[in-house]
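Structure first, commentary second.
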Amino acid sequence: MNDFRYRNGRLYCEDVPLEKIGSAVGTPFYVYSHATLKRHFRVFDGAFSGLPHLTCFAVKSNSNIAILRLFIEEGGGVDIVSGGELYRALKAGVDPEKVVYSGVGKKAEEIEFALEAGILMFNVESGQELDAIAACAKRTGKRAGVALRINPDVDAETHPHISTGLKENKFGIDIEKSLEAYRRARTLENIDVIGVSCHIGSQVTKTSPFVDALKRLKKLLGRLEEEGFVIRYLDLGGGLGITYKDETPPEPAEYAAALMAFARDLPYTLIFEPGRVLVGNAGALVTKVLYRKNTDEKDFVIVDAGMNDLIRPSLYDSYHRILPVAERERVEIVADVVGPICESGDYLAKNRKLPGVDQGELIAVMSAGAYGFSMSSNYNSRPRVAEVLVRDDRFYVIRERETYEDLVRGERIPEFHM
Ligand SMILES: *Cc1c(COP(=O)(O)O)cnc(C)c1O
């Protein structure tokens, strides 16, 4: 459920018509609903209320500090994958003891930054990384809490680019070799082995892959206990899918029930790293129709947002619903909705049936709250767009539109050209 709906023929986010935001901040812009974000967090986190747990929002899905703050105020932690994300989360006021750090390529500077900040744990993805963390911890005189990220070799049955729990993927430590890795971790100075973690992929629309992964981890946990390890955290990652078109992912309550059936008696604090399910349907990208153009083959709707603003359709061939911001009687067309970027892969929708929108109108690209702005770039030297948070009948610019000056910040022409 989200808070975008038509009222008297105008598309609203909560109590604010999107047209009004467009007039104030220009287009394109991302818009998020505060009420939807808060509700999504409470529904997800509340689904596990019977168990000790921590919901760590996956910052990479939407990194704006205003959004991070909202989840932090709700009691959430964060899952980070870089020093930059840690910086953002600290800015937003996160309790460092609610930070878990994932990712296959953590650099020494980033590890040190995380140790200085005092994060809860590193989800370690390789033996060499473990050594690097131990070395950094020793150098800085800190102790590092670690979980090994296990690759459980389960098929998340999602898009190959966002599937992470198969042997062939670069993520995690092979479950078969994990016991050995744990034994070695225990011998390292400055390392506290406190967790087991996994993350099998994204936009997963069934409970069974999560349950399969949990079952495999439970076996490992049994062995670890036998060997005297004191594991405190079981991190089951993120990945719960959402409805973009006609997918029917489990509700958080259903997902929680399926997992709790196997995790209820475990003596660990469960950690979850949801991203998409919290923010995906809480946001939209609003863009203006610049031109309509027909060729013999095709109808094109050319808009002012491109693949640099929302890359998911180009990258994953993903579907986003498109709604005109003004609802009225129209003829239906079949068109490609494309951006201004000089690439044929620059589209927001292909062969899409949609209401015949006119030049100058605004359209909303729905379900764009996750992996939308956070994956945006300046390609074609396009300033990144504004982000707006709506709360009740007010809206707040939570990231200003970039300027041309922002585009060249930090660039220099060398002296020999002066
Ligand atoms: C991307 C990612 C997540 C979040 O995935 P969603 O599908 O957005 O829930 C969680 N944990 C890790 C390690 C990730 O890489």
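Predicted model, so just to flag it, every value in this text is computed and none were measured. Order of listing sets the numbers, starting from 1, for every ligand and every atom in it.
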### Query
Among protein heavy atoms, which sits nearest to atom 2 (C) of ligand 1, and what does the distance come to when rounded to 0.1 Å?
K60 NZ, 2.2 Å
### Query
Taking the side chain from H53 and the backbone from F48, do they hold a donor-acceptor pair closer than 3.5 Å?
yes
### Message
Can you confirm if the NZ or CZ of R186 lies within 45° of the ring axis of F229 and under 6.0 Å from the centre of its six-membered ring?
### Response
yes
#### Entry: side-chain hydrogen bond (donor to acceptor under 3.5 Å, both in side chains) against R5, all qualifying residues, sequence neighbours excluded
none
### Query
What do you reckon, does Y371 put a non-hydrogen atom under 4.0 Å from ligand 1?
yes
### Message
I'd like to check which ligand 1 atoms, numbered from 1 as shown, lie under 4.0 Å from a non-hydrogen atom of R149.
### Response
13 (C)
### Task
Find all atoms of ligand 1 within a distance of less than 4.0 Å from any non-hydrogen atom belonging to G239, and give their numbers and elements.
5 (O), 6 (P), 7 (O), 9 (O)
### S102: numbered ligand 1 atoms lying under 4.0 Å from its heavy atoms
13 (C)
### Task
Assess P274 for proximity to ligand 1: is some non-hydrogen atom of it under 4.0 Å away?
yes
### Query
Quick one: does H199's side chain have a donor or acceptor within less than 3.5 Å of a partner on G238's backbone?
yes
### Task
Classify the side-chain pair E112/T140 by whether it contains a donor and acceptor separated by less than 3.5 Å.
no
### Query
Of all the atoms in ligand 1, which lie at a distance below 4.0 Å from a heavy atom belonging to G275?
6 (P), 8 (O), 9 (O)
### Message
Does the structure place the NZ or CZ of R391 under 6.0 Å from the centre of the six-membered ring of Y32, at an angle of no more than 45° from the ring's axis?
### Response
no
### Message
I'd like to check whether R276 has a polar contact with ligand 1, where a contact means an N/O of the residue lying under 3.5 Å from an N/O of the ligand.
### Response
yes
### Query
Nearest protein heavy atom to atom 13 (C) of ligand 1, by residue and atom, and its distance?
E273 OE1, 3.4 Å
### Message
I need the atoms of ligand 1 closer than 4.0 Å to a non-hydrogen atom of A58, numbered in the order shown.
### Response
3 (C), 4 (C)
### Task
Around atom 7 (O) of ligand 1, find the nearest protein heavy atom and jot down its residue, atom name and distance.
S202 OG, 2.3 Å
### Query
Counting heavy atoms only, which part of D79 comes closer than 4.0 Å to ligand 1: side chain, backbone, both or neither?
side chain
### Query
Any side-chain donor-acceptor pair under 3.5 Å between D235 and S197?
no
### Task
Identify which one of Y347, Y244, Y371 satisfies the ring pair (Phe, Tyr, Trp, His ring centres under 6.0 Å) criterion when paired with H320.
Y244
